Trainee: 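One structure follows; several queries about it will come next.
To find a chain, count down the sequence lines: A is the first, B the second, and so on, and within it residues start at 1. Side chains are part of it too, since the values below use all heavy atoms of this structure and drop only hydrogens, waters and symmetry mates. Source: prediction; values computed, not measured.
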Amino acid sequence: MNNFTKIEEKWRNYWKEHNTFRAVNGSEKKPYYILVEFPYPSGSGLHVGHVRSYTAQDAIARMKRMQGYNVLFPMGWDAFGAPAEQYAIKNHIHPKDAVRENIKTFKGQMETLGFSFDWDREFSTTDPEYYKWTQWQFLQFYKHNMAYKEKVPVNWCPNCKTVLSNEDAAGGVCERCGSSVVQKEKSQWMLRMSDYAEDLLTGLDDTNFADRVKLGQINWIGKSTGVEVDIEIVGGGKFSIFTTCIETIYGITFFVIAPDGKLIKELMPRVKNKQEVMDYIEETKKKSNMDRTELNKGKTGCLVEGITAINPVNKKEVPIYLGDFVLGDYGTGAVMAVPSHDQRDFEYAQVHHIPMIQVIEGRSTETCAFEKQDYLNQGCKLINSGEFNGLTVEEAKEKITEKLVNEGIGRKVNNYKMRDWIFSRQRFWGEPIPMIDCPKCGWVPMNEEDLPLLLPDVAEYEPTENGESPLANIADWVNCKCPKCGHDAKRETDTMPNWAGSSWYFLRFMDPHNDHEFVSMDAMKYWNRVDWYNGGMEHTARHLLYARFWVQFLYNIGLVPHKEMIWTRVSHGMILGSNGEKMSKSKGNVVNPDDVVKEYGADALRIYEMFIGDYQQDASWSTDSLRGCKRFIDKVIRLKDKVVSGEEYTPSLENLIHKTIKKVENDLQSMAYNTAVSSLMILANAYEKQNQITKEDYHVLLTLLNPIAPHFTEELNEQLGYSPICESPWPKYDEAKTIDQEKEIAVQVNGKVRSTINIHISDEEEIIKNKALNDENVIRHINGKEIVKVIVIKGKIVNIVVK
RNA sequence: GCGGGUAUGGCGAAAUUGGCAGACGCACUAGACUUAGGAUCUAGCGGGGCAACCCUUGCAGGUUCAACUCCUGUUACCCGCACCA
């Protein structure tokens, strides 16, 4: 056994025995809540990428504790999901057993790495004591009319036999198995997330998320502002279109409606070319099965014969087309087409030989379509637009909208790309949705006191052929009584998506053992909110949006104290393999943290991952660099031989020590972990040059390094006779002592460095100037030239401008 | 197509936010101590030049006494969204 292995174990035991990292609800100390995304405990164990973010947050947690905060730094398990289910099906065991094993592995690895989690608050989303409350919250959504069941075309993976969210089916490919996704109509539980689009947007102002995180949220919500206009159909009836470019309305030469929308179904009896239209609708359904990118090339569609509509501004009769570039579930499912000023409309018009009318001055039809955005800025004027001719685009936007609104056929509206959340999964290993289908009463929610609705304890189940959840085959479980009328009824067999449990786990950590509330209001008021949430870039869009939606809903029904419960969100870069590619078994570039700990120790791995580079940037693994960090540890250990008694800093080191305290403190707070480590290396190098250092010199180095490398620093600190660092205060720096009394600054002539001079902090500008002008090298460069200007930036630089 | 990010020695990266570019570490070279070195120590380490100096932060301009940093344009790579009206 390595020496460091024993030492690391010793201190882990110490922390455990002394409950060093226990967070106390209601403590007098100031609360500080640091959160890392709880992992999905996969079979392959902890990834070195986990180690990066956990160490980063651990370092902050440890420093904050020393600074006197009551730190909540919890850990748990997001353990529902497909891999555990697949594994269980294959091995004929219950997924909870597979999960239990994996959690054990993960927890063991985390403990070995010395993360200061408060394990008393640990839970898994799969614990009935936890998912009881996930189910309870679903019932609140239902009771507030935020959950509904609807037949929707959904992404269907024929291989996994399950419905996928848009997010999981990105690019028309199943995220899990990679087979191509097809469209299928299915009755699904939905959450009315689109009602919250605006709130999710404005709520960002109450957060301190990193800009790129905010942008991710904004893009996902996808707001666009425009006008909805009612369009009369010749011979009766009407429909609406949505446009963000109302100023081009005089340029309409056709309308396009979605083949998958409701409108075409309504119009069907009046359609003359029924067969052609039906064929196109069918074709569209099949199309979404195929690779999308291939389809994006041509603008397909067909004329809807026998039906025309009226352009509301000039009363022109205009044909209606079907086109799959119009989506049934966005906007109104119908668009006005202005081929002269919109690229898609232009392409469609070309394919179907439809005329174009130019309504914005100064552009040929073709170019304008591709330069839609710039005409706004260039003050282009309208033409061919009746009473609006001569107005700028901006003016026309306003006036035309006003006219339509006044006539009662136009409305200013916002549209959002974000849709309602499809909340059903046809899977076994998820939270059962606590709803009962009664032949008399319809859908009836379970009584809250009957929760949790447990998953059945069976190890044998298969997905059904028709895509129902495996639960549908378990008659004992499905058949029940209606809670309202007592009639025989059936349970909902769909389960919740993975995102459900992770949408509120950070609240539960505030009060994890509460068995009569999901979290007490007192606990939430004490902890206030998550001060600092760290996770992967891949979760900054979806997971964060779901979690914020969930919290906003809870806020609106009075169950949480703030509309936003997460203050700062940061995302770390990935750890890539040494070849610069994502680590994967197939590429053979996976680094197992256990191996590294065994050979170099947890402290070396932790220092290395903090030193590896910009925290928010991806970084490639390098074992050579890791060795360098191990060497740094050895160097710090050797420094102990230089220690002599003394409760003061060595005077010649004092300045550097104060600077280093300031630097490490600021760097940890701003995620500049790499420079925190390097400043400690600089300090250690300075110590090494001394013949001797005081106990206090050494003590402060160990303390500053402790948040990143907690084990060996505690050991050396103990050998020195100090009480444990984890129970000691964070060192204080004296601002005055961080300032250099003497400094070497550069002297430039015409912007080029020609020499350096030594100045004292008290030197006045005149003195510095004279020192510079009298410098030998400087004289050589200014000799015989006229001095135009001398710029003295105190403490930084002198620049002499000569002609 | 839209949005975001990145670009600095052989490599990972720093740069007090406009003030000596390359801190710190890795790799490498030479030397010391060694039976030995994946240990330690000393020195060197962007390019050119004997030197004085010159060139150098993807590329091209601009602002400034001074630009890795600000502005304009441009290229390459990475990531997200993608027919969103």
Side-chain angles (χ1 to χ4, degrees), chain A residues 166-167 170-171 211-213 215-216 218-220 222-224 226-227 241-245 248 256 258 292-293 295-300 323-327 329-338 342-345 347-348 370 372-373 415-419 537-538 540-541 573-574 580 607-608 611-614 616-632 634-635 638 659 662-663 666 672 674-682 684-685 688 744-756 777 780 788-791 793 795-802:
Chain A
N166 283 338
E167 295 85 348
D211 282 347
R212 64 173 183 173
V213 174
L215 270 163
I218 290 166
N219 284 343
W220 200 275
K223 177 178 180 173
S224 58
V227 185
I241 56 101
F242 171 73
T243 180
T244 53
C245 297
T248 62
V256 187
R292 282 185 96 106
T293 48
L295 298 164
N296 284 346
K297 288 180 180 150
K299 286 280 179 292
T300 63
D324 66 2
F325 77 89
V326 178
L327 308 174
D329 61 347
Y330 178 79
T332 60
V335 299
M336 65 178 211
V338 183
D342 179 274
Q343 190 178 336
R344 282 174 333 215
D345 298 349
E347 286 169 8
Y348 192 92
F370 293 96
K372 195 170 160 186
Q373 287 315 311
N415 260 303
Y416 303 90
K417 288 188 205 175
M418 192 181 74
R419 317 290 156 92
M537 208 50 212
E538 69 277 18
T540 50
M574 275 186 294
I607 291 174
Y608 169 59
F611 189 60
I612 197 167
D614 184 334
Q616 305 201 54
Q617 222 61 46
D618 291 351
S620 304
W621 183 265
S622 157
T623 302
D624 279 337
S625 259
L626 167 69
R627 280 196 201 104
C629 293
K630 174 68 179 151
R631 251 178 279 181
F632 170 56
D634 294 339
K635 183 185 281 186
R638 278 197 309 274
K659 273 194 206 167
K662 183 180 177 179
K663 176 94 178 133
N666 290 340
N674 52 341
T675 50
V677 174
S678 84
S679 68
L680 289 166
M681 287 173 169
I682 292 169
N685 289 346
E688 208 178 26
E744 187 189 71
I745 65 166
V747 182
Q748 299 181 327
V749 177
N750 283 349
K752 296 201 168 170
V753 178
R754 296 303 179 187
S755 187
T756 57
N777 273 327
R780 245 185 39 237
V788 182
K789 216 193 302 187
V790 180
I791 294 144
I793 309 295
K796 291 196 170 159
I797 208 163
V798 178
N799 192 7
I800 301 161
V801 186
V802 296

Trainee: When you get a sec, tell me which of B:rC83, B:rA85, B:rU40 is the closest nucleotide to the side chain of A:Asp324?
Mentor: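 Selected nucleotide: B:rC83.
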Trainee: Atom CG of A:Asp329 and atom P of B:rC83: how far apart are they, to the nearest Å?
Mentor: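 So the CG-P distance, A:Asp329 to B:rC83, works out to 11 Å.
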Trainee: Between atom CD1 in A:Ile793 and atom P in B:rG19, what is the gap in whole Å?
Mentor: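 A:Ile793 atom CD1 is separated from B:rG19 atom P by 10 Å.
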Trainee: Per the atom types in the model, does the base of B:rC83 pair as donor or acceptor with the side chain of A:Lys299 at under 3.5 Å?
Mentor: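 Result: at least one qualifying N/O pair found.
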Trainee: So, OP1 or OP2 of B:rG25: does either fall under 4.0 Å of a side-chain N or O from A:Arg627?
Mentor: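 Answer is no, no contact under 4.0 Å.
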Trainee: Taking the same atom, P, in B:rA13 and in B:rA30, what whole-Å distance lies between them?
Mentor: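 Here B:rA13 and B:rA30 have their P atoms 28 Å from each other.
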Trainee: To the nearest angstrom, how far is A:Glu347 atom CD from B:rC83 atom C1'?
Mentor: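 Going from CD in A:Glu347 over to C1' in B:rC83 covers 9 Å.
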Trainee: For B:rU8, which nucleotide in any strand shown is its Watson-Crick or wobble partner with both distances under 3.5 Å?
Mentor: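 Base partner found: none.
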Trainee: Of the nucleotides B:rA15, B:rA85, B:rG25, which has the atom closest to the A:Met681 side chain?
Mentor: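 Among B:rA15, B:rA85, B:rG25, the one nearest the side chain of A:Met681 is B:rG25.
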Trainee: Touch check for A:Asn750, heavy atoms < 4.0 angstrom, all strands: base, sugar-phosphate only, or nothing?
Mentor: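 The answer is nothing, as A:Asn750 stays clear of every strand by at least 4.0 Å.
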Trainee: So that I can tick it off, tell me whether A:Asp634 and A:Arg631 are bridged by a salt bridge, with the cut-off set at under 4.0 angstrom between side-chain N and carboxylate O.
Mentor: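 Looking at A:Arg631 and A:Asp634, the cut-off is not met.
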Trainee: Expressed in angstrom and rounded to an integer, what is the separation of A:Lys417 atom NZ from B:rG3 atom P?
Mentor: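 My rounded result for the distance is 11 Å.
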Trainee: In whole angstrom, give me the gap between the C1' atoms of B:rA67 and B:rA15.
Mentor: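 Per the computed distance, 13 Å lies between those C1' atoms.
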Trainee: Could you state the atom-to-atom distance from NZ of A:Lys630 to C1' of B:rC24 in whole Å?
Mentor: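 It is 20 Å, rounded to the nearest whole Å.
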Trainee: Please tell me which of the listed nucleotides, B:rA85, B:rC83, B:rC26, lies nearest to the side chain of A:Phe325?
Mentor: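 Of the options given, the side chain of A:Phe325 lies nearest B:rC83.
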Trainee: Assess whether side-chain contact (heavy atoms from CB on, under 4.5 Å) is satisfied between A:Leu626 and A:Lys630, documenting all intermediate values.
Mentor: CA-CA 6 Å; A:Leu626 167 69; A:Lys630 174 68 179 151; 5.9 Å; no
Trainee: Quick one: is B:rA85 close enough that its OP1 or OP2 comes under 4.0 Å of any side-chain N or O from A:Ser224?
Mentor: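 Result: yes.
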Trainee: Is any side-chain nitrogen or oxygen of A:Lys752 closer than 4.0 Å to OP1 or OP2 of B:rC55?
Mentor: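 The answer is yes; a side-chain N or O of A:Lys752 sits under 4.0 Å from OP1 or OP2.
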Trainee: Where the side chain of A:Arg754 is concerned, which of B:rC24, B:rC41, B:rC53 is the nearest nucleotide?
Mentor: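 Comparing B:rC24, B:rC41, B:rC53 against the side chain of A:Arg754, the answer is B:rC53.
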Trainee: Nearest to the side chain of A:Val753, heavy atoms from C-beta on, is which of B:rA39, B:rC53, B:rA21?
Mentor: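 So the nucleotide nearest the side chain must be B:rA21.
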Trainee: Assess whether side-chain contact (heavy atoms from CB on, under 4.5 Å) is satisfied between A:Thr756 and A:Val747, documenting all intermediate values.
Mentor: CA-CA 5 Å; A:Thr756 57; A:Val747 182; over 6 Å; no
Trainee: Could you state the CH2-C1' distance from A:Trp621 to B:rC11, rounded to the nearest angstrom?
Mentor: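 The answer, rounded to whole Å, is 16 Å.
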Trainee: What integer distance in Å separates A:Gln343:CD from B:rC83:P?
Mentor: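 Rounded to the whole Å, the gap is 13 Å.
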Trainee: Starting at CD1 of A:Ile612 and ending at C1' of B:rA14, how long is that distance when rounded to a whole Å?
Mentor: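 That distance rounds to 16 Å.
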Trainee: For the side chain of A:Arg631, starting at C-beta, report the closest nucleotide among B:rA85, B:rG25, B:rA39.
Mentor: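 For A:Arg631, the side-chain atoms sit closest to B:rA39.
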Trainee: Using only side-chain N and O atoms of A:Asn777, determine if any of them is under 4.0 Å from OP1 or OP2 of B:rA52.
Mentor: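 No, A:Asn777 has no side-chain N/O under 4.0 Å of OP1/OP2 on B:rA52.
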Trainee: Tell me what A:Val326 touches on the nucleic acid: a base, only sugar-phosphate, or nothing, going by heavy atoms under 4.0 Å.
Mentor: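 Base contact.
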Trainee: Could you tell me how far B:rC26 sits from B:rU74 if I compare only their P atoms? Round to whole Å.
Mentor: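 The same atom, P, in both gives a distance of 42 Å.
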Trainee: In whole Å, measure the gap between the P atoms of B:rU42 and B:rC33 for me.
Mentor: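 Comparing P positions in B:rU42 and B:rC33 gives a spacing of 15 Å.
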Trainee: How far does the C1' atom of B:rU72 sit from the matching atom of B:rC53, given to the nearest Å?
Mentor: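 Pairwise C1' distance, B:rU72 against B:rC53, rounds to 33 Å.
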Trainee: It should be established whether A:Arg638 places a side-chain nitrogen or oxygen under 4.0 Å from OP1 or OP2 of nucleotide B:rC41.
Mentor: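 Answer is yes, contact under 4.0 Å.
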Trainee: Would a distance-only check, ignoring hydrogens and angles, find a side-chain to backbone donor-acceptor pair under 3.5 Å from A:Tyr608 to A:Ser622?
Mentor: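 Pair found, side chain donor or acceptor close to backbone of A:Ser622.
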Trainee: For a quick check of understanding: with a heavy-atom distance under 4.0 Å over all strands, which category does A:Gly222 fall into, base, sugar-phosphate or nothing?
Mentor: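 Nothing, no heavy atom under 4.0 Å.
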Trainee: Any base atoms under 4.0 Å from A:Thr675, or only sugar-phosphate, or nothing? Heavy atoms, all strands.
Mentor: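 The residue A:Thr675 makes sugar-phosphate contact but no base contact.
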Trainee: Is there a side chain to side chain donor-acceptor pair (under 3.5 Å) between A:Lys635 and A:Asn685? Walk through the geometry before answering.
Mentor: CA-CA 9 Å; A:Lys635 183 185 281 186; A:Asn685 289 346; 2.7 Å; yes
Trainee: For residues A:Asp345 and A:Phe325, determine if any side-chain heavy atom of one lies less than 4.5 Å from a side-chain heavy atom of the other.
Mentor: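 The answer is yes, as the side chains (C-beta and beyond) meet within the 4.5 Å cut-off.
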Trainee: To the side chain of A:Tyr330, which of B:rU40, B:rA52, B:rA85 is closest?
Mentor: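 The closest nucleotide is B:rA85.
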Trainee: From B:rC83, B:rA66, B:rC41, pick the nucleotide closest to the side chain of A:Asn799?
Mentor: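 Out of B:rC83, B:rA66, B:rC41, the nucleotide with an atom closest to A:Asn799's side chain is B:rA66.
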Trainee: Looking at the side chain of A:Asn674, which of B:rC83, B:rU40, B:rA13 is the nearest nucleotide?
Mentor: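 Looking only at heavy atoms from C-beta outward on A:Asn674, the closest nucleotide is B:rA13.
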Trainee: Using purine N1 to pyrimidine N3 plus N6-O4 or O6-N4 for Watson-Crick, or N1-O2 and O6-N3 for G-U wobble, both under 3.5 Å, which nucleotide pairs with B:rC81?
Mentor: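 By the stated definition (distances under 3.5 Å), B:rG1 pairs with B:rC81.
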Trainee: If you only use heavy atoms from C-beta on, which nucleotide in B:rC26, B:rC24, B:rC20 is closest to the side chain of A:Ser678?
Mentor: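 Closest of the options to the side chain of A:Ser678: B:rC24.
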